[in-house]
Amino acid sequence: MKKIILISLSLIISFFFLELFLRYIGFKNFTLYYPSNYYGYYHQPNQNFLSRFDKKISFDNLGNRNSKENNINNSEIFFLGDSVTYGGSIVTNNETFAFIISERLNKKYLNISANGWGIPNIINFIEFHNLYKSNSVYILTCISDCFTRNLRRSEQNFFFKNNSKFALINFYKFIIFKINQFNYLPDLSGKTAAEVKEKELYTIKDNILTIDYSVKKLASFNQNLKKINSRLIFVYSPNINYIKSVLSYDTLGLETIYKKYREEILNKVNENDIETINILEYFDEKTIYNFGKFYIDSVHLTKDGHRLYSKILSKLIYE
């Protein structure tokens, strides 16, 4: 009996410390989402909480990451995009480049962005909620993936519809999702080099066609904005491999496939008369050599990265 009590006590203590650890690394609260058949998914409205490192995350009545007092009627700048614009839990609302630019220009804004969104998600959301505003600026900031994702669905990402009181349960949900996601990865074991190459070529064709579809949808969106005297600016956000290739650091050649997609995207948006900014072209030499300071991973920005983007884009928007 004494042995059973000791074992039970040790398990309780272990689970207690594991719970504390999981809360510390970010499993206490997750941003909550809801599914949509038309635009895929979005943040549940009116959320307010502190993420890891006490970063304040909040959303308005539509689920946009901006002040609740901002709306379609009083906003003049609309920031669109995926997780780069959204900012993740690494920065507070007031540390995103969307907020900083609005402060610099003294204009209210809406931050219409979400992790994993593709071009159709963004435009469909705007159409669904009729977020067209005359005499305004729409700034779409995206990586290459934004053009190859098509209409992303909630089941393709790890999203919570509700949070458990226990980080252990949230962690368990996360692990189950990752195991299920792994089952959908292509199995290339036992494949010949020719078969692997054929798979790669098929994927490239799939992505090129998806890019073409995304650009056509963006071009139509651009025309709709011009009709109401509004302006669309597409900002291409580089990944780390792109920057490394500029510095000749890409020894593994990881930039090769992304270069093909990047060129495809930039060529097609230019063909459709969409105003485009490749923000890497505005990095000075010091910024490029110290790029690690501005990126938390291969594509997402640190607090300094958001400051950098805001400094560059503030000048270019109303230059």
Side-chain angles (χ1 to χ4, degrees), residues 79-91 95-98 100-101 113 115-119 139-149 152 157 181 185-186 188 193 196-197 199-208 210-211 214-215 233-270 274-316:
F79 294 93
L80 319 175
D82 53 14
S83 53
V84 175
T85 303
Y86 171 65
S89 59
I90 194 66
V91 293
E95 291 169 343
T96 62
F97 65 77
I100 300 172
I101 291 173
S113 58
N115 291 325
W117 258 12
I119 296 296
I139 303 169
L140 169 69
T141 304
C142 273
I143 58 177
S144 296
D145 289 358
C146 200
F147 285 79
T148 59
R149 288 170 179 150
R152 294 293 293 275
N157 302 272
Q181 187 182 50
L185 294 175
L188 300 178
V196 172
K197 186 66 176 177
K199 176 67 178 176
E200 289 176 351
L201 291 173
Y202 182 83
T203 302
I204 290 172
K205 179 182 177 181
D206 186 302
N207 284 343
I208 294 298
T210 306
I211 288 171
S214 295
V215 173
I233 304 173
F234 164 52
V235 180
Y236 182 85
S237 185
N239 62 22
I240 292 298
N241 292 327
Y242 182 14
I243 299 174
K244 286 181 177 179
S245 70
V246 173
L247 296 169
S248 300
Y249 291 171
D250 186 26
T251 56
L252 298 177
L254 296 174
E255 161 64 5
T256 305
I257 190 67
Y258 293 106
K259 181 180 179 181
K260 182 178 182 66
Y261 295 149
R262 181 176 67 252
E263 291 177 348
E264 188 78 17
I265 292 166
L266 295 178
N267 287 338
K268 286 184 181 296
V269 293
N270 287 326
I274 298 171
E275 187 176 350
T276 305
I277 295 171
N278 182 349
I279 202 165
L280 181 60
E281 296 176 357
Y282 296 89
F283 286 12
D284 58 30
E285 188 175 1
K286 182 179 178 180
T287 300
I288 291 178
Y289 274 94
N290 291 282
F291 68 87
K293 175 183 178 182
F294 305 104
Y295 291 86
I296 190 66
D297 53 29
S298 61
V299 294
H300 299 107
L301 303 174
T302 60
K303 185 176 176 180
D304 287 327
H306 280 273
R307 287 196 191 121
L308 173 66
Y309 272 41
S310 66
K311 181 180 179 181
I312 295 172
L313 294 177
S314 294
K315 293 180 181 178
L316 295 175

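The first residue of the sequence shown is numbered 1, and numbering continues consecutively from there. Just so it is clear, the structure is predicted and the values come from calculations on it, not from any experiment.
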S113 side-chain N/O to G81 backbone N/O, donor-acceptor pair under 3.5 Å: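 Judged by distance alone, no pair lies under 3.5 Å.
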Within the structure provided, determine whether [X] and [Y] are in side-chain contact (heavy-atom separation under 4.5 Å).
{"X": "T96", "Y": "T85", "answer": "no"}
{"X": "S298", "Y": "N241", "answer": "no"}
{"X": "K259", "Y": "S245", "answer": "no"}
{"X": "L308", "Y": "F283", "answer": "yes"}
{"X": "K303", "Y": "E95", "answer": "yes"}
{"X": "F97", "Y": "T141", "answer": "yes"}
{"X": "L301", "Y": "V84", "answer": "yes"}
{"X": "N239", "Y": "I143", "answer": "no"}

Shortest non-hydrogen contact between F291 and K244, atoms and distance: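 Taking F291 first and K244 second, the nearest heavy atoms are CZ-CG, 4.1 Å.
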Closest non-hydrogen atom pair, P238 against I279
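Between these two residues, the closest heavy atoms are CD-CG2, 3.5 Å.
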Rounded to the nearest 0.5 Å, what separation is found between the [atom1] atom of [X] and the [atom2] atom of [Y]?
{"X": "I243", "Y": "Y289", "atom1": "CD1", "atom2": "OH", "result": "13.0 Å"}
{"X": "N290", "Y": "D304", "atom1": "CG", "atom2": "CG", "result": "10.5 Å"}
{"X": "F147", "Y": "I211", "atom1": "CZ", "atom2": "CD1", "result": "8.5 Å"}
{"X": "I119", "Y": "L140", "atom1": "CD1", "atom2": "CG", "result": "4.5 Å"}
{"X": "I101", "Y": "K311", "atom1": "CD1", "atom2": "NZ", "result": "13.5 Å"}
{"X": "I100", "Y": "R307", "atom1": "CD1", "atom2": "CZ", "result": "6.5 Å"}

Without hydrogens or angle criteria, can the side chains of S144 and Y236 be said to hold a donor-acceptor pair below 3.5 Å?
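Present: a donor and an acceptor within the cut-off.
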#### Entry: Criterion side chain to side chain contact (heavy atoms under 4.5 Å, CB included) against T302, the qualifying member of I90, D297, I296, V91
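Testing each of I90, D297, I296, V91 against T302, the sole residue satisfying side chain to side chain contact (heavy atoms under 4.5 Å, CB included) is I296.
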Original post:
Passes side-chain contact (heavy atoms from CB on, under 4.5 Å), L313 versus V235? Steps please.
Top reply: CA-CA 9 Å; L313 294 177; V235 180; 3.8 Å; yes
_cation_pi(R262, Y242) dist<6.0 Å, angle<=45_ =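 Yes; both conditions hold, so R262 lies above the ring face of Y242.
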*Do F234 and C142 pass the side-chain contact (heavy atoms from CB on, under 4.5 Å) test, and can you show the C-alpha distance, the side-chain angles, and the key distance before you say yes or no?*
CA-CA 8 Å; F234 164 52; C142 273; 4.2 Å; yes
### Residue from N207, D82, T210 passing side chain to side chain donor-acceptor pair (under 3.5 Å) with R149
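That would be D82.
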Item checked: Steps toward salt bridge (Lys or Arg N to Asp or Glu O under 4.0 Å) verdict (K260, E264) -> CA-CA 6 Å; K260 182 178 182 66; E264 188 78 17; 5.8 Å; no
Report the relative orientation of the aromatic rings in Y309 and Y295; use parallel for angles under 30°, tilted for 30 to 60°, perpendicular for over 60°.
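The arrangement is perpendicular - the two ring planes meet at more than 60°.
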Full working for side-chain contact (heavy atoms from CB on, under 4.5 Å) between W117 and L80: CA-CA 10 Å; W117 258 12; L80 319 175; over 6 Å; no
